[in-house]
Amino acid sequence: MKNVITIDGPSGSGKGTISKMVAKKLGYSYLDTGALYRAVAWKARKLGISSDNDEALKKITENIRLEFNGEKIFADGIDISSSIRTAEIGELSSQVSSRPAVRAGLFSLQREICLRGKVVIEGRDAGTAIIPETENKFYLDASVEERARRRYEELKLNDPGLTIDNTIDDIKKRDRRDSTRETSPLVRTDDMTYIDSTEMTREEVVNAIINNLK
Ligand code: DC
């Protein structure tokens, strides 16, 4: 299979921006899987459900109505596109994403979207768990400092209390959790093309991906 492009990597590696640009350039659709975990975290927070309540999280994952409309994501009819882009929801989504019931609940949705057509899918386990049969797998990385800088620039308007130091701490904590959890951790495998974007422009990263497509 070649018509699904998976882009995995840690928080702040630029997966979102790059995946959107690649999809646009190739005329593919784009799936941001982190937004699905963020949506579950958003609903858990709204209902006051703690991130270790597996039974309640399972229900939320099964019943949440998720819709995508270009740049926007809706949960149960509510536009949550900007409310899920906060440091708090970032941390909560990392916590709920380590629960097997949540991962299992979101698996089929992601896989079905990939099997429907030409898709750029970005996340932590796209190339290892969601669509391992694709030949076009990438791992996008950058230094912790650069990733924190990008996250900080993205979040500071929404989160006036944020500092660069607590963004670095948050990123390190999430890296550890996302790569050490038992179910589908973030891993880099030999069949992924590795790109370190620390000193690259967006255009250079997009070209590196397109030039490496099979
Ligand atoms: O990419 P992001 O920061 O929007 O993702 C939010 C959290 O969701 C991240 O900390 C880990 C989790 N996640 C995941 O476990 N699997 C994915 N495929 C995508 C995100």
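It should be emphasised that the depicted structure is a prediction, and the values quoted were computed from it without experimental measurement. All ligand and atom numbering here is 1-based and tracks the order in the structure.
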Is the closest side-chain heavy-atom distance between Lys46 and Ile78 below 4.5 Å?
yes

Using a strict 4.0 Å cut-off to heavy atoms of Arg38, name the atoms of ligand 1 that fall inside it.
2 (P), 3 (O), 4 (O), 6 (C)

Quick check on contacts: which atoms of ligand 1 are under 4.0 angstrom from a heavy atom of Gly123?
18 (N), 19 (C)

Flag side-chain contact, heavy atom, 4.5 Å: Arg147 against Asp175:
yes

Does atom CD of Glu71 have more than 12 heavy-atom neighbours, drawn from other residues, nucleotides or ligands, at distances under 6.0 Å?
no

Contact between Lys15 and Arg124 at the side-chain level, heavy atoms closer than 4.5 Å - yes or no?
yes

Close approach of Glu91 to ligand 1, heavy atoms, under 4.0 angstrom:
no

Check this for me: does any side-chain nitrogen of one of Lys58 and Glu55 sit under 4.0 Å from a carboxylate oxygen of the other?
no

Other residues, nucleotides, ligands: >12 heavy atoms within 6.0 Å of Arg45 CZ
no

Should Arg174 be counted as touching ligand 1, given the test is an N or O pair under 3.5 Å?
yes

Do Asn136 and Met1 have side chains that get closer than 4.5 Å, going by heavy atoms?
no

Based purely on interatomic distance, does Tyr37 place a nitrogen or oxygen under 3.5 Å from a nitrogen or oxygen of ligand 1?
no

By number and element, which atoms of ligand 1 are closer than 4.0 Å to a non-hydrogen atom of Arg151?
3 (O)

Going by the 4.0 angstrom heavy-atom rule, the piece of Arg177 near ligand 1 is neither

Got the closest protein heavy atom to atom 12 (C) of ligand 1, with its distance?
Ser97 OG, 3.4 Å

What protein heavy atom sits nearest atom 1 (O) of ligand 1, and how far away is it?
Arg124 NH1, 2.9 Å

May I ask you to list the atoms of ligand 1 that are less than 4.0 angstrom from any heavy atom of Asp178?
9 (C), 10 (O), 11 (C)

Per-residue contact class, Lys173 against ligand 1 - non-hydrogen pairs under 4.0 Å:
neither

Test: Glu133 and Arg111 ion pair at under 4.0 Å:
yes

Write out the residue and atom name of the closest protein heavy atom to atom 19 (C) of ligand 1, then the distance separating them to 0.1 Å.
Thr33 OG1, 3.3 Å

Got an N/O contact under 3.5 Å between Ser11 and ligand 1?
no

Test item: Phe74 and Arg65 side chains (from C-beta on) under 4.5 Å apart, heavy atoms:
no

Quick check on Gln95 - does any of its heavy atoms sit under 4.0 Å from an atom of ligand 1?
no

Which segment of Arg181 sits under 4.0 Å of ligand 1 when only heavy atoms are counted
side chain

Any chance CD of Glu62 has more than 12 other-residue heavy atoms, nucleotides or ligands included, within less than 6.0 Å?
yes

Check each of Lys72, Arg85, Arg38 against Asp32 using the salt bridge (charged side-chain N to carboxylate O under 4.0 Å, His left out) test, and report the only one that passes.
Arg85

Quick one: nearest non-hydrogen protein atom to atom 7 (C) of ligand 1, plus distance?
Ser93 OG, 3.3 Å

Can you confirm, on distance only, whether ligand 1 has an N/O atom lying under 3.5 Å from any N/O atom belonging to Arg103?
yes

